[in-house]
There are 2 protein chains.
Amino acid sequence: MPTPARTSTAQIVAAGRAILEAEGLDGLTMQRVAAAVGVRAPSLYKRVDGRSELVRLIALDVANELSTVLEAAATTRDPARDLVAIASAFRAFAHRHPEAYALLFRRLPESLRPAIDMGLPGFETMFRTVEALAGRERRLEAARTVVAWASGFISMELAGAFRLGGDVDEAFEYGAERIVAAISRRPAGERR
Amino acid sequence: MPTPARTSTAQIVAAGRAILEAEGLDGLTMQRVAAAVGVRAPSLYKRVDGRSELVRLIALDVANELSTVLEAAATTRDPARDLVAIASAFRAFAHRHPEAYALLFRRLPESLRPAIDMGLPGFETMFRTVEALAGRERRLEAARTVVAWASGFISMELAGAFRLGGDVDEAFEYGAERIVAAISRRPAGERR
DNA sequence: ACCTGAACACCGTTCAAGT
DNA sequence: ACCTGAACACCGTTCAAGT
């Protein structure tokens, strides 16, 4: 006799994300998630293949949200200003969802890799903005430089690695400005 | 009746590091470490306060080794070349010990933070080299920019995040050059 | 002193049995 | 169909008992 579903994959992912953010990745247990959606742990396996699959689904959810945030950040027609805005939006997102953010850049065995496509609109936007500054030929190296800097800065910041005092916001602004200039085809002063 | 110690903290840390590198952080269990040093899991608690303490000790060991590697990398008197060499040594270390490296930049509750002092000689060397390029006033922001870029690049690389093809080594060289230029004081006469 | 087995409270995961 | 309790193989950690 069929019984109605008491939960859904979407609800499980949402609950998992909430628990992740509140308790950290170690606190994200199948039992907690099950309790949050009103079910017992074994029932989760009807919709999700296991814990690592759940974590992967959460990471995909986070990537999508981040993508829309980045997309919305490029509002001017000036690529230099847009790129700074994109980097700042990236950082603000990480501050709002530090545990979720950490999920995006963690080391994983090849097989479990979350296929976070750089094809997501927000990353495309970033990529296009970089290309406008660095030129078609150097766009890949330039994009990698920008993303490496931004993600590294944020990871260190969230890991509490900036312990020498100073103004961290100011260091981010300094870095953003310098990096934008560094990847630009012409020195900033010559642009019009 | 006293029995002789069958292992030591140093041996435990070394075994733990080997297991970490071979099996990943999840594979680093007290039982495995115990087996590797020829003892049962409960005996580890005589020398180490628990698993997170063990991980902290391993992280400190890694930080010290990284420090000596960085220190040895600065061999010329040209700070620009030295800084590139330091960044490359940093990257090479991470490639040799990817799991150990990941330990250094992971998010931790404040209380468990591994007190990886920036006072370690290798980091001092890097800091001094940056200062020679960026000047005393901007050295903190400049150092943060360099380390953020390098650590971010390496994390992404090790996480398998560079999936758009292209030459990753070339992207690192490109980034290193551009960043060194970006944090350097402008030569006299050039306007901004 | 140091080491150990046994025990406890947790995990993730499987599966037969219930509705 | 979906959910569940029971079971299994693991964890980390504690502690009384052994040497």
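Throughout, a chain's letter reflects where its sequence line sits, starting with A, and its residues are numbered from 1.
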Heavy atoms only: give me the nearest [X]-[Y] pair and the separation to one decimal.
X	Y	result
A:I58	A:R17	CG2-CG, 3.5 Å
B:A87	B:W149	CB-CZ3, 4.2 Å
B:T125	B:A74	CG2-CB, 3.8 Å
A:A63	A:L120	O-CD1, 3.8 Å
B:E141	A:A171	CG-CA, 3.8 Å

Any side-chain N or O of [X] below 4.0 angstrom from OP1/OP2 of [N]?
X	N	result
A:S43	D:dT4	yes
B:R6	C:dA1	no
B:R47	C:dC3	yes

Would A:R144 pass as a cation-pi partner of B:F162, given that its NZ or CZ must be under 6.0 Å from the six-membered ring centre and within 45 degrees of the axis? yes
Cation over ring face, A:R91 and A:F172, 6.0 Å, 45°: yes
A correct dot-bracket answer for DNA chain C, with pairs being Watson-Crick or G-U at under 3.5 Å, [ ] for crossing pairs and | for inter-strand pairs, is ||.|||||...|||||.||
Below 3.5 Å is the cut-off: list the nitrogen or oxygen pairs between protein and nucleotides 5-8 of chain C, distance only.
residue, atom, partner, partner atom, Å
C:dG5, OP2, B:R40, NE, 3.2

Check the distance between C:dT14's C1' and A:L44's CG and give it to me in whole angstrom. 14 Å
Show me the protein contacts with nucleotides 9-12 of chain D, counting only N or O atoms at under 3.5 Å.
residue, atom, partner, partner atom, Å
D:dC11, OP2, B:Q31, OE1, 3.4
D:dG12, OP1, B:M30, N, 3.0
D:dG12, OP2, B:M30, N, 3.1

Hey, is the main chain of B:E99 close enough, under 3.5 Å, to the side chain of B:E21 for a donor-acceptor pair? yes
If we ignore hydrogens and angles and just use 3.5 Å, is the side chain of A:D82 paired with the main-chain N or O of A:T75 as donor and acceptor? yes
Salt-bridge test for A:E137 and A:R185: reply yes if a basic N is under 4.0 Å from a carboxylate O, no otherwise. no
